[in-house]
A.B. asks: 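One structure coming up, written as structure tokens, with questions to follow.
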Amino acid sequence: MNSNPKATTAIDAPSLPYRAGQAARRRLGSLGALLLAALAGFLATPSYAQDIPTSPSFVDDFKSFDRARWYVSDGWNNGSHQNCTWSKGMVELSNNVLSLGFEKQTLKDREYVCGEIQTKQRFGYGTYEARLKTDTGSGLNAAFFTYIGPSDKQPWDEIDFEVLTKDTSKVQVNAYIAGKGKNEKLVDVPGGTENAFNDYAFVWQKDSLRWYVNGQLVNTITDPAKLPSHAQKIFFSFWGSDTMKGWMGAFADPGRKLSLQIERVAFTALGEPCQFPESLACSVK
């Protein structure tokens, strides 16, 4: 995105203690033990037909940055596989679009910096939606996902959309239950993830998990053993790796700042009205 410097706001992050060495997987390093955030997620009132707790429905179109909702990862990395350090400087708001950047800039023991945000609250059954546009580049991962795990004293559950930007014609969907994955599937994104904003959504219910791209159903899981059962936080991240070549492709310095752009994100709890007219929750139950 060609941002107007006068319209761009860098998102300041709170200074919170965290030990990145506790990470066991690429996700866990970015999940600090935020006690107040965890309490907020579980004090919320459950929605209709919920068997697990959930925070309320919301839609965020990034007219401003809601610090009560979002925590900005800053000052660590997720482990040796990640070639960048999370930096608050890589999270910027401009013209109602939130951008997570990736750029060559030495910070701590990494030569690159990258961006990530996560909700402070946890969410349960319902419809999760994001409108995204990615950059291109081998060795990079632009992700919209939900996660909860050991750093929050919970089993590891996760639901993913991951664009491996070596091939922007596809997005990978996946789910982890009690730390076990192997549910991944590559699905087409007509027109590519980098040429326009696309809508990514999943509907999580007690008996099913369904992924959608631009309103089209692309994957379904109904096996009870493969369905998450713990409230999760919502994440967006954009990061690189020198070592995960088989999955993400060989990394090469892109020679410029890259970005994952987020135009909107929404959660609609099961049984509640849709949050905006174009929402998948308006038409899919």
Side-chain angles (χ1 to χ4, degrees), residues 25-28 41-42 44 46-59 118-119 121-132 141-150 152 154-164 169-190 193 198-236 247 265-276 278-285:
R25 183 187 176 260
R26 56 194 170 90
R27 301 291 190 223
L28 304 186
F42 278 106
S47 287
Y48 170 79
Q50 293 279 352
D51 290 334
I52 57 178
T54 186
S55 296
S57 301
F58 75 91
V59 59
Q118 57 182 276
T119 58
Q121 295 180 315
R122 306 178 195 181
F123 301 87
Y125 297 136
T127 301
Y128 295 72
E129 305 175 83
R131 186 166 174 79
L132 311 175
N141 185 324
F144 158 47
F145 63 100
T146 59
Y147 170 88
I148 202 69
D152 291 296
Q154 294 289 310
W156 171 6
D157 278 3
E158 181 175 341
I159 305 170
D160 295 333
F161 276 104
E162 296 179 290
V163 177
L164 310 176
S169 70
K170 301 181 184 301
V171 62
Q172 179 176 289
V173 299
N174 201 359
Y176 285 79
I177 295 84
K180 296 181 180 180
K182 299 187 181 300
N183 299 305
E184 64 271 8
K185 179 181 178 181
L186 280 173
V187 299
D188 292 334
V189 180
T193 67
N198 291 280
D199 293 300
Y200 304 88
F202 61 84
V203 179
W204 175 24
Q205 297 175 313
K206 186 176 181 179
D207 59 356
S208 66
L209 180 56
R210 293 169 286 158
W211 287 263
Y212 295 79
V213 175
N214 294 325
Q216 300 299 308
L217 180 65
V218 294
N219 194 41
T220 301
I221 291 177
T222 56
D223 182 349
K226 296 183 178 182
L227 294 174
S229 57
H230 298 83
Q232 302 175 44
K233 299 176 184 178
I234 300 171
F235 284 73
F236 294 93
W247 182 45
V265 56
F267 166 74
T268 305
L270 193 63
E272 293 192 357
C274 54
Q275 302 298 296
F276 57 98
E278 302 85 4
S279 172
L280 186 72
C282 298
S283 58
V284 174
K285 304 299 181 183

A.B. asks: Measuring from atom CD of Q232 to atom CH2 of W156, what distance do you get when rounded to the nearest 0.5 angstrom?
C.D. replies: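 Going from CD on Q232 over to CH2 on W156, the span is 12.0 Å.
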A.B. asks: Is it the case that the side chain of S57 and the backbone of A269 share a donor-acceptor pair, with hydrogens and angles ignored and the cut-off at 3.5 Å?
C.D. replies: yes
A.B. asks: Mind checking the CZ-OG1 spacing from F235 to T146? Nearest 0.5 Å is all I need.
C.D. replies: 9.0 Å
A.B. asks: For A225, is there any backbone N or O sitting under 3.5 Å from a side-chain donor or acceptor partner on D223?
C.D. replies: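 Here the side-chain-to-backbone pair exists.
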A.B. asks: To the nearest 0.5 Å, tell me how far T193 OG1 sits from L132 CG.
C.D. replies: 9.0 Å
A.B. asks: Taking C-beta and beyond as the side chain, do K180 and K226 meet within less than 4.5 Å on heavy atoms?
C.D. replies: no
A.B. asks: Working to the nearest 0.5 Å, report the span between CG of L280 and CD of Q216.
C.D. replies: 10.0 Å
A.B. asks: Testing N214, V173, V189 for side-chain contact (heavy atoms from CB on, under 4.5 Å) with Y200, which one passes?
C.D. replies: V189
A.B. asks: Check the orientation of F123 and F58. Use parallel for under 30°, tilted for 30 to 60°, and perpendicular for over 60°.
C.D. replies: tilted
A.B. asks: Where do E162 and F145 land on the side chain to side chain contact (heavy atoms under 4.5 Å, CB included) test, with the steps shown first?
C.D. replies: CA-CA 8 Å; E162 296 179 290; F145 63 100; 5.8 Å; no
A.B. asks: Which heavy atom in A231 sits nearest to a heavy atom in I52, and how many Å separate them?
C.D. replies: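 Nearest pair, atom of A231 first, then I52: N-CD1, 3.9 Å.
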A.B. asks: Go through the steps for T54 and Y125 under the test side chain to side chain contact (heavy atoms under 4.5 Å, CB included), then give the verdict.
C.D. replies: CA-CA 7 Å; T54 186; Y125 297 136; over 6 Å; no
A.B. asks: So do the side chains of W211 and I159 get within less than 4.5 Å of each other, counting heavy atoms only?
C.D. replies: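 Yes, side chains in contact.
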A.B. asks: Show the nearest heavy-atom pair for residues L217 and N219, with the distance to one decimal.
C.D. replies: CD1-O, 3.6 Å
A.B. asks: Could you tell me if Q172 and W247 have a donor-acceptor pair between their side chains, going purely by distance under 3.5 Å?
C.D. replies: yes
A.B. asks: Atom CD of residue position E278 - does it have more than 12 heavy atoms of other residues, nucleotides or ligands inside 6.0 Å?
C.D. replies: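 Atom CD in E278 is crowded, with more than 12 foreign heavy atoms closer than 6.0 Å.
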A.B. asks: Side-chain contact, heavy-atom cut-off 4.5 Å: F267 with V265?
C.D. replies: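 No. Closest side-chain heavy atoms not under 4.5 Å.
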A.B. asks: Would a distance-only check, ignoring hydrogens and angles, find a side-chain to backbone donor-acceptor pair under 3.5 Å from N183 to A175?
C.D. replies: yes
A.B. asks: I want to check something: taking the side chain as every heavy atom from C-beta on, are I221 and F202 in contact at a cut-off of under 4.5 Å?
C.D. replies: no
A.B. asks: Rounded to the nearest 0.5 Å, what separates atom CG in L209 from atom CD1 in I177?
C.D. replies: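 That separation rounds to 7.5 Å.
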A.B. asks: Would you say K206 has more than 12 foreign heavy atoms packed within less than 6.0 Å of its NZ?
C.D. replies: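 No, because the 6.0 Å sphere around NZ of K206 holds 12 heavy atoms or fewer from other groups.
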A.B. asks: With V171, which of V218, V187, D188, D160 fulfils side-chain contact (heavy atoms from CB on, under 4.5 Å)?
C.D. replies: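 It is V187; the other options fail the test.
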A.B. asks: Could you tell me which non-hydrogen atom of T268 sits nearest to which non-hydrogen atom of S279, and how far apart they are?
C.D. replies: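 Minimum heavy-atom contact is OG1-OG, 4.4 Å.
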A.B. asks: So do the side chains of P53 and R122 get within less than 4.5 Å of each other, counting heavy atoms only?
C.D. replies: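 No. Closest side-chain heavy atoms not under 4.5 Å.
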A.B. asks: Between F236 and F144, how do the two ring planes meet: parallel, tilted or perpendicular, split at 30° and 60°?
C.D. replies: parallel
A.B. asks: CD of Q118 to CD1 of I234: how many Å apart, nearest 0.5 Å?
C.D. replies: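 Spacing of CD (Q118) from CD1 (I234) equals 11.5 Å.
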A.B. asks: Is there a side-chain contact between V213 and F161, using heavy atoms and a 4.5 Å cut-off?
C.D. replies: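 Yes; the side chains approach each other to less than 4.5 Å.
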